[in-house]
Each structure stands twice: as structure tokens, then as C-alpha cells.
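The structure under discussion appears below in the form of C-alpha cells.
Residue numbers begin at 1 in each chain, while the letters A, B, ... track the order of the sequences.
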Number of protein chains: 2
Amino acid sequence: MSVPSQRFVRNTLLGALDLRDYEAVRAVAEPVSLARRDVLIAAGQPITHVHFLESGVVSEVTATPGGRRIEVNLTGREGFVGVPLLLDVDRTPYESFVQIEGEALRVEGVAFLRLIQAHDALRRCLSLYAYVAHLQTADTAISNGNHTLEERLARWLLMCHDRVPGDALPVTHAFLSTMLGVRRPGVTTAIHSLEGAGGIRARRSQVEVLDREKLKAAAGGSYGMPEREYRRLIGVAP
Amino acid sequence: MSVPSQRFVRNTLLGALDLRDYEAVRAVAEPVSLARRDVLIAAGQPITHVHFLESGVVSEVTATPGGRRIEVNLTGREGFVGVPLLLDVDRTPYESFVQIEGEALRVEGVAFLRLIQAHDALRRCLSLYAYVAHLQTADTAISNGNHTLEERLARWLLMCHDRVPGDALPVTHAFLSTMLGVRRPGVTTAIHSLEGAGGIRARRSQVEVLDREKLKAAAGGSYGMPEREYRRLIGVAP
DNA sequence: GCCGATCTGTACTGAGTCGTACAATCGCGA
DNA sequence: TCGCGATTGTACGACTCAGTACAGATCGGC
């Protein structure tokens, strides 16, 4: 059997491991492809697998009493889906679903628990990510409380852009309004404004990022802190 | 030397440990009292100690560009302050300060790392709390995005009431407005509304909780989820 | 008992977003 | 090529909350 080479891994967390830990993960990991709308973790159901994303984007959302959803976290190839298992928790009230299709290495739950028990460096690395994910959620709380729709939209586009190859984000206004927990026509207006400022170009079912610096300015300081912490703790960002 | 008895501990996490793990913590813990405004973790500075709260309330807040603060988390004797250390992170961009005075058992950082290395049950127990804290932050994000000022105030009062003995919460309108990230007169109005509904009674520098059920109704479903998870995972709530 | 600081109540205008409705446009499949 | 569903653009009134200002109430210290 061929030993997989570390350099072909796209997941940043796995790429940061030394070869021994990495190969222990690969030995029990199974490559899977993620189609849009696939549910990786269902609300309130036992978490069966941990997914190390190789490409694509996964959103963690909640359902509010009115059937509405709102996003609390975003994961790409810089992270993994299944943080609760790392913290010894078997299920969560939120749902994680595939927002942009991609690929992942998935590890079955019990095998994952054995892995982090046996490989302390792996546990520490994943813990760092769990912390950054927590920061990102906290930042979302602040953003929701203190920033305008346009600022929050700019922040979201930047975060999504970080996790996608190329500059075209396949999202509709309605989808964005759900993620941000706002009114759909409000997104349309905000997109026009960002487009007028030269930060993006809007197409049907697509937003193209033209100028990250302009988007950062439009985000009014709501973007960047978790990303800085990721670089500080784990290394090169995606 | 007298061996401290487990029944005298008020911190719920330490109370959930078996005697051996508990005494290992006590052997390196030092009782301290917490005065209002004490800073337990300074933004961007190394975390020197972990605090297991025995009484009182600690807020984790951020400073927004305009010098404003907003709360992302609340801890009482059901938890501990210093989650980043558990996750192998030495500092955090947020600040944790004492909001309501109380007492704590504090453990120096390096001793804490040795403890969780040696006592896996302790690590698992604290991990469960770290997860609940993450849930609470996520819930705050949702609350900030989807709920009215009055609902958010009701939620905050309930969370604070959970962590305080008795029904009198020593808070001013201005303080509440900071925690919620809203305008101070808005808090005054919302308090009147909650008072009119019979949920609370307002005094100068104090809010007395009269009827938790009415407060829960006023919170519009924004309260309760992290608390349920705490009970499910760790046991009796405070 | 008085004074100054703190806290609370109230008022006004404006910005931002909501909820809703409906028309225009686009793209895919028949 | 036509038609239909999905997506986007626009409008309008209503409501929440921001920002600000200021007066009254309350408390603690002298």
C-alpha cells in the first residue's frame, strides 16, 4: 500500500502536523465529496464523523423559533467540522451543512477519539482551531450587535473569499440574507453599495471579489481578528 | 495539614470531580477574593491564572474600535475563567473582568497545564464547560442579530440571576447598556416594560427578579439552550 | 443637612432595518 | 423558442433603536 505524502493534503490543520501524526490520521480517514446542502452534523443528533475540509465551505447555523436560520460559524480548509467531539461532547443543537461544494477527509467518531487520545500534538493543534472558531463566533456576536448590514456583509464576503479558490463566490442574495439573519432586499441594497465602492462585482447567483482592501474598509473593522489569531497560533492562513 | 472536604466547594465543575482529581486541584489552588472591576484576563496579555469561581460573576467583553465594549460571555460558579489555557492558547484579545464581586480558587497557569495533563477526567470536565461557553457565545450572536432590546435584556437578567444568590442583581442601566451594546435610555425603557409585565422590580442600581417565568416569556425563546446543555452534560445547574 | 456625583426618566430627530408587495430580469429545460 | 421558476430590483410605511440633551431623583460623604 502506498503511503500518502503529506504535501498533497490541502487541509491546513493536517498540513501543520508532523509526518507521524499526519499518517495516523490518514490511516483512519476516508476521502468524501461534499455536495451543496449535505448535512454533516444534524441538530441534536449524535455526531458520527469529523470532517477535515480539503475544499469547499461549511456553515454552522441555528434554527430560531420562527424557522429562520442564522449563521454562527464558517469553516473551510483551514479547519474541521466536529469541534464538539474534540471537547468530549457527542451532539450539538446547531446544524452544519455544506454551503459550497468541496472535498473532505472524514474520520469516524470513535476512531477520532482514539486518535486524539494517542496523539497529543494532534489534540493540541485541533484545540487551537477550536479556540479560533470560538473567537470567530464571538466576533459574529459583536458584528451582529454593533455593525450595519453593509459592514456585516463585507465581513462575510471576506471570510468566504478566504476559503474559496478564485474570486467568484456562488451565493444568492436570499442565501446571504439567511446567513446574516437580515431581510433579503436589504442584502440587494448593500451589494449595490459595495459594488459602487468597487469592492465587488455582482452577477446572478454570484458575487465576484474585486478588491479585498476596499471590502476591508467597508467592513469597518469587523473583519480580521480571528484570522490574525489563526496565523499567530497555527501558521499560514489558507 | 487538613484535607479539604469536597462538600465545601461551591464551584460546580470542581464539585463534579471525584475526590482524587478534586484534591489535586485543591493542592495547587489558592483562594482569592474578587472585587468589582478586577481584571482576571487582560486583552492581549498572557493569561497567568485560571479562576474557578466560587461566587460572583465575571464578564468577557471586547473593545470595539470606538472604545465601546460589548459582552460575549458570562461566567459564574458554574464555570471557570481561562478557557484558552485549556485549549493551549496563552492569551486572548478579549478582557475578563469582575462584574459582581465574589470569590474564586485560582490556579497558576503552568500548574494548570500540568493538572490537565495528568488528570484526564478533569480535562474532559473542563472541556464540556468550554463547549457550553462556546454555545453561550453562539447564542449571544443569535440574540444580537434576531432579538429586540427587551428580549435580550430579559435573557441577560436571567443568565445573571442564575449565577447570583438571591434575587437582587446589583446593576445600573448604564452597565446593562454596555453589556448589551445598546443605548442607555433604551435600557431604561425596556426595564419599565419588564417591570410593567411583573417580571422584575427596579430600584436604584439594582434589579430584583420577581418572576422568572415572566422573564422567560419576555425573552422570546432567546434564553435557555446553553443552560439545558449544561445540565445534560455536567449535571445540576447552580 | 447640604453638596456633588451618580443614576434614572423623558424628549426629540434621524438612521437603519423590517415586513411586505410586486415588477423586471435571467437562465434552464421542454 | 417559449415558458416557468428562480433571482434580483424597487417601493412604501412602520417600527426599533441611535445619538443627544437635559431635568429630576437618589445616595454617600462631609
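- Nearest heavy-atom pair, B/Arg91 versus A/Glu229, reported as atom, atom and distance to 0.1 Å: O-OE1, 4.1 Å.
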Pairs under 3.5 Å (N/O, protein and nucleotides 13-17 of chain D):
unit_1	atom_1	unit_2	atom_2	d
D/dC17	OP1	B/Leu149	N	2.5

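- Of the residues A/Val72, A/Asn73, A/Val89, A/Val83, the one that meets the side-chain contact (heavy atoms from CB on, under 4.5 Å) test with B/His134 is A/Asn73.
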Original post:
How would nucleotides 23-30 of chain D be written as a contact map, 5' to 3', with B for base contact, S for sugar-phosphate-only contact and - for no contact, using protein heavy atoms under 4.0 Å?
Top reply: --BBS---
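- Within a 6.0 Å sphere centred on CD of A/Glu101, heavy atoms belonging to other residues, nucleotides or ligands number 12 at most.
- Taking the side-chain contact (heavy atoms from CB on, under 4.5 Å) definition, one finds that B/Ala190 meets it with B/Leu149, B/Glu150, B/Leu153, sequence neighbours left out.
- The heavy-atom pair separating A/Asp139 from A/Met225 by the smallest distance is OD1-CE, 3.5 Å.
- Between the side chains of A/Arg155 and A/Thr140, at least one donor N or O lies within less than 3.5 Å of an accepting N or O.
- Applying a 4.0 Å cut-off to non-hydrogen atoms, none of the residues of residues 172-180 of chain A approaches DNA chain C.
- Helix bend of the helix from C/dG1-D/dC30 to C/dA30-D/dT1: the angle between its two end axes, each built from five pairs, comes to 30° after rounding to 10°.
- B/Phe52 is linked by a ring pair (Phe, Tyr, Trp, His ring centres under 6.0 Å) to B/Phe80, counting only residues two or more places apart in sequence or in another chain.
- Checked against side-chain contact (heavy atoms from CB on, under 4.5 Å), B/Arg212 has the following partners two or more places apart in sequence or in another chain: B/Leu158, B/His161, B/Asp162, B/Val209, B/Lys216, B/Tyr223.
- With sequence neighbours excluded, the residues that form a side-chain contact (heavy atoms from CB on, under 4.5 Å) with B/Val39 are B/Ala42, B/Glu95, B/Phe97.
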**OP:** Check the pair A/Ile100, A/Cys160 against side chain to side chain contact (heavy atoms under 4.5 Å, CB included), reporting the backbone distance first and the verdict last.
**Re:** CA-CA 10 Å; A/Ile100 296 178; A/Cys160 190; 3.8 Å; yes
Original post:
Between B/Glu54 and B/Val9, is a side chain to side chain contact (heavy atoms under 4.5 Å, CB included) present by the stated rule, with each step listed?
Top reply: CA-CA 7 Å; B/Glu54 293 274 83; B/Val9 74; 3.5 Å; yes
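- For the residue pair B/Gln99 and B/Ser59, a side-chain donor N or O sits within less than 3.5 Å of a side-chain acceptor on the partner.
- To the nearest 0.5 Å, atoms OG1 (A/Thr48) and NE2 (A/His51) are separated by 7.0 Å.
- Listed in residue order, the members of residues 193-203 of chain B having a heavy atom less than 4.0 Å from DNA chain D come to none.
- Nucleotide D/dA18 holds its C1' atom 11 Å from the CG atom of A/Asn146, rounded to whole Å.
- For residues 179-202 of chain B, the salt bridge (charged side-chain N to carboxylate O under 4.0 Å, His left out) pairs, not counting sequence neighbours, are B/Arg201-B/Glu208.
- When DNA chain C is scanned 5' to 3' for any atom under 4.0 Å from a heavy atom of chain B, the first and last hits are C/dT6 to C/dA11.
- B/His173 is linked by a ring pair (Phe, Tyr, Trp, His ring centres under 6.0 Å) to nothing, counting only residues two or more places apart in sequence or in another chain.
- In plain terms, the two heavy atoms of B/Tyr94 and B/Glu60 that are nearest each other are CD1-OE2, 3.5 Å.
- A salt bridge links B/Arg106 and B/Glu30; the closest N-O separation between the charged side-chain nitrogens and carboxylate oxygens is under 4.0 Å.
- Residues A/Gly145 and A/His192 both approach DNA chain D. Their nearest nucleotides, taken by heavy-atom distance, put A/His192 toward the 5′ side.
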